[in-house]
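Keep in mind that the numbers below use all heavy atoms, side chains included, and drop hydrogens, waters and symmetry copies. The structure displayed is predicted, hence computed values, not measured ones.
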Amino acid sequence: MRAALMELRTGTGPLPAAARRAVRVTLAAGIGFYGFLYGLDRPVEATYALFAAVALAGLSRIPGSGHLRARVVARVLPAACALVVLGTWLSVRTWAAVAGMLVIGFCVAFSSAAGPRPAGAAPGLQLLYILPSFPPYAPDTLGQRLTGTVAGVLLLILAEATVLPDPVVPGYRDLAAGAAAEAARCAAALERPPHTLPAAESARAAERAQALRPSRVAEAQRPAGPGVRERALAHTGLAARTLLARLQSLPPPEPGRPDGAGGPGPDGLELVRAVRESASGTAGLLGAGSPPAADSTRLRKLQVSLARTPVTEPGPGFRNAALVELADAALVLRGAAGIAVGGRAGAAEAAGPGPVSGPADRFWYAGEGPVRLWWHRLAGNSGPRSVHFQNAVRIGVALAVARAVAGLDSLPHGFWAMLAVLSLTGTNAVQTRATVRLALIGTLVGAIAAGGVLALAGEASTVYAIVLPPLMLFAFCVGPVRGVGWAQAMFTLVVAMAFAQLAPVTWQLAEVRFLDVLVGSVIGMVCGLLAWPRGAHDELGRAVAELLHAAADDVQAATAAFGRARAVEPDQRVRHALAMAESAYAQYQTERRYPAAAAGEDWQAAMMTGHHVLWGGRRPPGAPPGPPEEAVVREYGAWVAAGLRRAAAAADPVHATGPVDPGPAGPAPRRPGPKDAPPVFYSAMAWLDTLTADLTLLDRGAGASGPGAAAPGRA
């Protein structure tokens, strides 16, 4: 109770947020419904105005503040109108309606691959296609239907943007700006003797990096879309986390080298100072949008100079390699932030000259058009191993079956059966079964209450007109907070009170509502059992195993081409596998667990291994190594690749094909190498050391049914 009162006082938490949204949707739906029905005597427009607002605010779960949801709803308005048109045209014949439901239901559900905002709007768009797919089949009323839809959506946009503003929540760009500012403070501390971070600074840097993890960021703030700026902002977060990690792990200089460099000359401290200036400028760019005072030319020059500095001892060699990697992370952070703030105009700064700044395809998205970026995202998720594809198939088939049953058996008010399919079909069978049980109980209670009201009030429409607004307000406030049972009970009452004003009804309307929900629930459960019943539970293991296999192949290829340019783009497979694993993990976090699922799994340890492979595998050519250096790096790389393959088999033992080649046995074959090894040797060895630390976590978690289980919180 105390927590609830605190939430109400501060305006934060699920209850106040639900209350604000309930007021907005009630105002938008009520004004549209009553204005058309009683003010203009237009029942068709009233129906569509009511359901347009309810669909995109009550049924949809678009994350973010009211202003953000208003922008999302405004963008989907053309799609909403198109779906009403298609639903009206295809509804006349059952076979056309079923085929349309299958195809359009799949396409709308598959749009969730584009990020949390399209995913949140998808159920509402589905409802706007379902609504005109049922009697009365009246194509001649299409203009009235569109008028009501547009009016309802515009009223919702106005309500979301102006009524009861939400508290301001820091966005991902603000979090990235804070991380960049923290990196600048860490770099400043490293400029001073003893050139290591104090414990307090290190802990604060770790916390800033953890705050950028997608799992710790509100869904509305995650940069998960396919556009240039969203991709660049996600890249910015990864680069900021990498920079902070490298500042924390920077080796101290050799004793007797007050300049802080691993090799001769002042380049070491100058580079750290340039990293500080770059990070500070990036923080200002992300926070206030102000352009940095200086570009990255000086930092690139220092990076190139240090990368070419010969060393004769392993200690200074590894220090130099770490400094080069530190500069690389700062340069990528500046480039990605420039694109995130300035769009494609920031691409020139992102690519930058110089062979050590990294290949230009790190920012490959900056040169692509929006259509191609969307194609990349949708095509990458088009296979049966994508959880977005699986969910879209499940929903499309279930909606088509429900439409066929409603059309062939003349199911009264079949619209409700399809609405039940849409709102109750989960991403796995366990989730669907639990949801359906609660929904049926709630619907039964709501049907009994609605039947009682209808029986007592009869045809007194004034009673229904008075009851509907407070009922909507209560339903849309309590339903999202108390769960699906309450939501179904209250929504049953809402639709009964609304339909009672559109046409004469009896208490049997509540009975029909329960029957339709029961039919829709059964269809949803059957489709859930037949189509990937374990949801992301199984898919996550397969996706992580594929990621680790791809990482192993990339490590082996990178170390085989040590010191030379690689003939093909190195990381397409790793990048795709990482995207599949992250989307499966995002869904996995929302699902009810099967009994076999281990409570301590930390799949993000494997995903961070994928990120480390992407960063380290992009080493540009340097001074040519000799045969002794090549032998050391290739042996070490083969050992790491074998360890990654073993971790892949542990991540997905059910689908592992054949015995795993154990590869080189024993401890890591890490040797200092020749005395006069070139800088590229130390860079490669430092990268492989990072992956060896990842392997320790992966191997440690193999006994807990998933990689990384022994290291919760990593990454």
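- Side-chain atoms of D694 and H612, non-hydrogen and from C-beta on, do get closer than 4.5 Å to each other.
- Using a 4.5 Å cut-off on side-chain heavy atoms (C-beta onward), P226 and R231 make contact.
- To the nearest 0.5 Å, the span separating CG on L125 from CG on L59 amounts to 10.0 Å.
- Counting all heavy atoms, side chain and backbone alike, A52 lies closest to V153 at CB-CG2, 4.1 Å.
- Between L333 atom CG and L243 atom CG the span is 6.0 Å, to the nearest 0.5 Å.
- A heavy-atom distance below 4.5 Å is found between the side chains of L77 and L154.
- Side-chain contact between D328 and R246 is present, with at least one heavy-atom pair separated by less than 4.5 Å.
- Annotation: the span from Q126 atom CD to I395 atom CD1 amounts to 7.0 Å, rounded to 0.5 Å.
- Salt-bridge annotation for R204 and E201: present, with a side-chain N of the basic residue lying under 4.0 Å from a carboxylate O of the acidic one.
- Between A176 and L212 the shortest heavy-atom distance is N-CD2, 3.7 Å.
- Remark: side-chain polar atoms of T236 are paired, donor with acceptor, to backbone N or O of A232 under 3.5 angstrom.
- With hydrogens and angles ignored, the 3.5 Å screen pairs a side-chain donor or acceptor of T282 with a backbone N or O of S278.
- A heavy-atom distance below 4.5 Å is not found between the side chains of H576 and E546.
- Between the side chain of S111 and the main chain of V108, a donor-acceptor pair closer than 3.5 Å is present.
- Within the model, atoms CZ of R173 and CG of L285 stand 7.0 Å from one another, a figure rounded to the nearest 0.5 Å.
- Here the closest heavy-atom approach between residue A177 and residue A283 is recorded as O-CB, 3.6 Å.
- S60 places a side-chain N or O within donor-acceptor distance of the main-chain N or O of A55, the cut-off being under 3.5 Å.
- A121 approaches L56 most closely through the heavy-atom pair O-CD2, 4.3 Å.
- At a threshold of 4.5 Å between non-hydrogen side-chain atoms, the residues R24 and L27 do not count as touching.
- Of all non-hydrogen atoms in I157 and A74, the two that sit nearest each other are CD1-CA, 3.6 Å.
- Between L244 and A205, the shortest heavy-atom contact is CD1-O, 3.7 Å.
- Using modelled atom types, one side-chain atom of Q303 and one backbone atom of V324 make a donor-acceptor pair closer than 3.5 Å.
- Remark: the backbone N or O of I339 is not paired with any side-chain donor or acceptor of R229 at under 3.5 angstrom.
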**Message:** side chain to side chain contact (heavy atoms under 4.5 Å, CB included) for R117 and R75? Distances and angles first, verdict last.
**Reply:** CA-CA 11 Å; R117 291 166 196 159; R75 292 192 192 105; 5.7 Å; no

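- Taking the side chain as every heavy atom from C-beta outward, V555 and W687 approach each other to under 4.5 Å.
- Residues R573 and D554 form no side-chain contact, since every pair of their non-hydrogen atoms from C-beta on lies 4.5 Å or further apart.
- Taken from CD in E191 to CG in L271, the straight-line distance is 10.5 Å, to the nearest 0.5 Å.
- With values rounded to the nearest 0.5 angstrom, T609 atom OG1 is found 7.0 Å from L695 atom CG.
- For the side-chain contact (heavy atoms from CB on, under 4.5 Å) with R20, the qualifying choice from P167, P165, C477 is P167, the only one to do so.
- Looking at N391, its side chain never comes within 3.5 Å of a backbone N or O of H388 through a donor-acceptor pair.
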